[in-house]
Amino acid sequence: MMKRTLAIIKPDGVSRRLIGSVINRLEGEGIRIAAMKMIWMTKEQAKGFYKVHEGKPFYESVTDFMSSGPCVVMVLEGEDVIARYRRLMGATNPHEAEEGTIRKEFATDVEKNVVHGSDSEETARFEISYFFSELEITGQ
Ligand code: IDP
Ligand code: MG
């Protein structure tokens, strides 16, 4: 089973000074941060990252948002980490997110929802390699 996933603290999370709070939640769940850096995506880079959503009504807007300021990108490691971190994030729309999830606690908007997490092994592989080379990812 794939033990890595890609997490992003989105520009709203960074500008609202939620980096520490999000990382606290991850570490509190026993998830290991194997790589981490701050980046500011161009519009083109954001469009490449969200290529799977090309053509959807929110594609232009979400790629404007993702390139509007710095993000923190991380590789997370742990047993069943893809599903565990998705559960910890909560539903895309924070109004539908369960109590205790990151999005329920911190997010306000279906677009500006503080965090990203890969949704499958295939997307995790693509998304990790979009931002990190193998050399940047630390072992235990
Ligand atoms: P996810 O982040 O929970 O996996 P996706 O459906 O993959 O959700 O959508 C990617 C991102 O696009 C969301 O996190 C959110 O920022 C944005 N988004 C998704 N659906 C909508 C929408 O209906 N309106 C505006 N933005 C949306
Ligand atoms: Mg998604």
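Both counts, for ligands and for their atoms, begin at 1 and track the order of listing.
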Are Glu77 and Lys3 ion-paired here, with the side-chain N under 4.0 Å from a carboxylate O? no
Neighbour list for ligand 1 [protein residues, heavy atom under 4.0 Å]: Lys10, Tyr50, His53, Phe58, Val62, Arg86, Thr92, Arg103, Val110, Glu111, Asn113
Using a 3.5 Å cut-off and no angle test, enumerate the donor-acceptor pairs between side-chain atoms of residues 87-101 and protein atoms at least two apart in sequence or in another chain.
residue	atom	partner	partner atom	Å
Asn93	OD1	His95	N	3.0
Thr101	OG1	Glu98	O	2.7
Thr101	OG1	Lys104	N	3.2

Pair up each side-chain donor or acceptor in residues 15-22 with any protein partner under 3.5 Å, not counting sequence neighbours, and list the distances.
residue	atom	partner	partner atom	Å
Ser15	OG	Pro11	O	3.1
Ser15	OG	Asp12	O	3.3
Arg16	NH1	Phe106	O	2.9
Arg16	NH2	Phe106	O	3.0

Could you give all pairs that pass the salt bridge (Lys or Arg N to Asp or Glu O under 4.0 Å) test and reach residues 50-69, with sequence neighbours left out? Lys43-Glu60, Lys43-Asp64, Lys51-Glu54
Could you pull out the closest heavy-atom pair between Gly48 and Phe126, with the gap in Å? O-CZ, 3.8 Å
Plane angle bin for His116 and Phe49 - parallel if under 30°, tilted between 30 and 60°, otherwise perpendicular: perpendicular
